[in-house]
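Only one structure is covered here, and it is reproduced in the block below.
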Amino acid sequence: MLDAVIADLLEMPDCRVTTCVQKDLDLSVFQREGEDGRFQIHRVREPGEEQDYFDQSCLQADVVWIIAPEFDEILYSRTARAIELGAKVVGPELAAIQLTADKWRLFEFLNELSLPTIPTSLPESELSPPPYELPCIIKHRFGAGGLGLQRLTQPVEWLAALSHLQENNSDFVVQPFVFGQLLSTVVLFSSERREIFPISEQHICWESGYEYQGGMLPAELNAKETRSIQQLLERVCDALPGLAGYIGVDLLLPDSNPAQPLIVEINPRLTTSYTGYRYFTQDNLAERIVDSATKFPPLSWDSWGRVQFLADGSVFLNPKQF
């Protein structure tokens with residue numbers, strides 16, 4: 001994903017890019033380092049080195065785009081630090097990051113406003129029974145990217161998972177496993193408008209736990225399903241203050257009621273689907289993200305076929321033909 005973001009930023013003629021990576025990371029776009037003096041890479045061995053470069057870059061940059069996970073408050077703390085240093089940060093406000101990063105608080109927020117989402121509970125004790133019929137889902141309260149997510153089908157699995165998580169003082173939530181179609185999309189906020197991207201399929205494998213396998217766009221939905229998802233997203237965006245920039249949203253169409261989509265998670269950051277969406281439009285998505293004040297025309301999406309994107313950033317165009 002970093003490869004794609006940097007390549008798109010460098011397509012902007014007046015844009016200079018500075019990033020910081022682990023010393024042994026190698027991406028194809030790194031071959032452009034030093035090109036026209038517009039691309040600089042800081043390679044680090046220790047976390048302390050990275051923090052110094054981060055502070056230095058925040059002080060020098062016109063715009064700071066933080067691409068980081070929510071867990072361990074990484075996204076929140078980096079955004080707060082950049083703001084403290086006086087940087088103009090692309091992305092949601094701190095309060096919105098905190099709310100969406102906390103799966104329990106987000107459930108309470110959505111539920112209170114009658115915005116449809118998956119029922120969510122906090123286990124009471126090590127010996128408490130599952131709050132929902134099995135199978136159910138257990139996941140880290142502050143996780144990202146499926147971190148710690150497990151699908152439990154037997155009582156013995158529930159007890160083992162509960163004991164392990166509590167022994168490690170892990171905060172987690174429990175949800176029923178809702179059978180249905182997993183989807184995702186993006187809402188892009190600018191000074192002029194907010195735009196909902198085409199709905200994408202999410203591909204998850206449960207055979208050996210949880211494995212995110214990317215997705216396919218656009219999802220094959222009928223007009224009624226698409227409209228119901230868009231209406232739900234509009235309601236959520238109206239209700240949740242502080243959203244800005246690129247916001248990923250995971251959804252589910254339940255088999256029991258496909259006309260009623262559910263919010264699964266809201267990701268206050270760049271998501272893997274960026275690698276697919278950038279191939280589904282002639283517009284430069286990175287430019288829209290970092291230059292939210294410019295009055296761009298609405299995004300134009302292609303209609304020639306479909307795009308498959310994998311978890312590792314690989315992309316296949318019109319894969320039905322292969």
Side-chain angles (χ1 to χ4, degrees), residues 1 47 66-80 91-92 94-111 115 117-178 180 182-184 202-215 236 240 247-252 262-273 311-312:
M1 185 164 62
I66 299 171
I67 303 172
E70 302 96 306
F71 58 75
D72 295 333
E73 293 193 330
I74 297 174
L75 178 62
Y76 177 87
S77 62
R78 287 308 174 88
T79 302
L94 291 173
I97 293 175
Q98 279 190 314
L99 175 60
T100 54
D102 184 336
K103 293 174 177 54
W104 172 245
R105 281 190 58 206
L106 180 61
F107 164 74
E108 289 189 308
F109 176 86
L110 296 173
N111 192 52
L115 292 166
T117 186
I118 297 177
T120 303
S121 300
L122 296 173
E124 297 178 0
S125 70
E126 185 175 340
L127 298 178
S128 62
Y132 311 104
E133 288 187 17
L134 297 177
C136 67
I137 293 291
I138 197 165
K139 62 172 83 169
H140 282 288
R141 177 173 173 176
F142 303 98
L147 179 67
L149 196 154
Q150 299 178 62
R151 179 176 182 261
L152 308 176
T153 60
Q154 302 294 330
V156 65
E157 295 176 340
W158 163 260
L159 292 175
L162 200 61
S163 175
H164 173 75
L165 289 168
Q166 292 184 341
E167 284 176 5
N168 290 277
N169 297 315
S170 298
D171 287 318
F172 55 97
V173 297
V174 184
Q175 299 175 330
F177 184 86
V178 181
L182 293 169
L183 305 167
S184 70
Q202 260 197 346
H203 296 166
I204 306 294
C205 178
W206 297 101
E207 291 182 2
S208 56
Y210 169 88
E211 182 185 0
Y212 173 69
Q213 298 182 331
V236 170
L240 207 163
I247 304 295
V249 184
D250 296 335
L251 305 119
L252 187 144
L262 303 175
I263 297 292
V264 178
E265 292 186 8
I266 299 175
N267 304 301
R269 52 170 170 81
L270 200 71
T271 57
T272 305
S273 60
D312 65 1

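We're numbering straight along the sequence, starting at 1.
With a 4.5 Å cut-off on side-chain heavy atoms, E265 and K139 count as touching. Counting heavy atoms from C-beta outward, T117 and L262 have side chains that stay 4.5 Å or more apart. Counting only heavy atoms from C-beta outward, the side chains of Y212 and T272 approach each other to under 4.5 Å. Contact check for F107 versus V173: no side-chain heavy atoms found under the 4.5 Å cut-off. Using a 4.5 Å heavy-atom cutoff, the side chains of S184 and T271 are not in contact. Side-chain contact check for I137 versus Y210: every heavy-atom pair is 4.5 Å or farther apart. Contact of the V236 side chain with the V249 side chain is not registered, since no non-hydrogen atoms from C-beta on lie closer than 4.5 Å. Side-chain contact between L152 and P130 is absent, with no heavy atoms from C-beta onward closer than 4.5 Å.
The minimum heavy-atom distance between G143 and F71, with the atom names listed, is CA-CB, 4.3 Å. Counting all heavy atoms, side chain and backbone alike, A144 lies closest to K103 at N-NZ, 4.4 Å. Residues G180 and L252 share a closest heavy-atom pair of CA-CD2, 4.3 Å. Across W158 and P131, no two heavy atoms sit closer than the pair CH2-CD, 3.8 Å. Here the closest non-hydrogen pair linking P135 and T153 is CB-CG2, 4.0 Å. Residues P176 and P119 come closest through the heavy atom pair CD-O, 3.2 Å.
Atom CG of L122 is separated from atom CZ of F172 by 8.5 Å, given to the nearest 0.5 angstrom. How far CG of N267 is from CD1 of I247: 8.5 Å, rounded to the nearest 0.5 Å. Rounding to the nearest 0.5 angstrom, the gap separating the CD1 atom in I74 from the CD1 atom in I97 is 12.5 Å. Annotation: the span from F142 atom CZ to D171 atom CG amounts to 5.5 Å, rounded to 0.5 Å. Here I204 contributes atom CD1 and E211 contributes atom CD; the two are 9.0 Å apart, rounded to the nearest 0.5 Å. Residue E207 holds its CD atom at 11.0 Å from CZ of R151, rounded to the nearest 0.5 Å.
Counting heavy atoms of neighbouring residues, nucleotides and ligands inside a 6.0 Å radius, atom CD of E73 does not exceed 12 of them.
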Subject >> Stepwise side chain to side chain contact (heavy atoms under 4.5 Å, CB included) check, M1 with L270 >> reply: CA-CA 9 Å; M1 185 164 62; L270 200 71; 3.7 Å; yes
Original post:
Can you check side chain to side chain contact (heavy atoms under 4.5 Å, CB included) on L94 and T79, steps first, answer last?
Top reply: CA-CA 7 Å; L94 291 173; T79 302; 3.7 Å; yes
**OP:** Could you please spell out the steps behind the side chain to side chain contact (heavy atoms under 4.5 Å, CB included) verdict for R141 and R105?
**Re:** CA-CA 9 Å; R141 177 173 173 176; R105 281 190 58 206; 4.2 Å; yes
Original post:
Checking side chain to side chain contact (heavy atoms under 4.5 Å, CB included) for the pair I138/V174: CA distance, chi angles, key distance, verdict?
Top reply: CA-CA 5 Å; I138 197 165; V174 184; 4.3 Å; yes
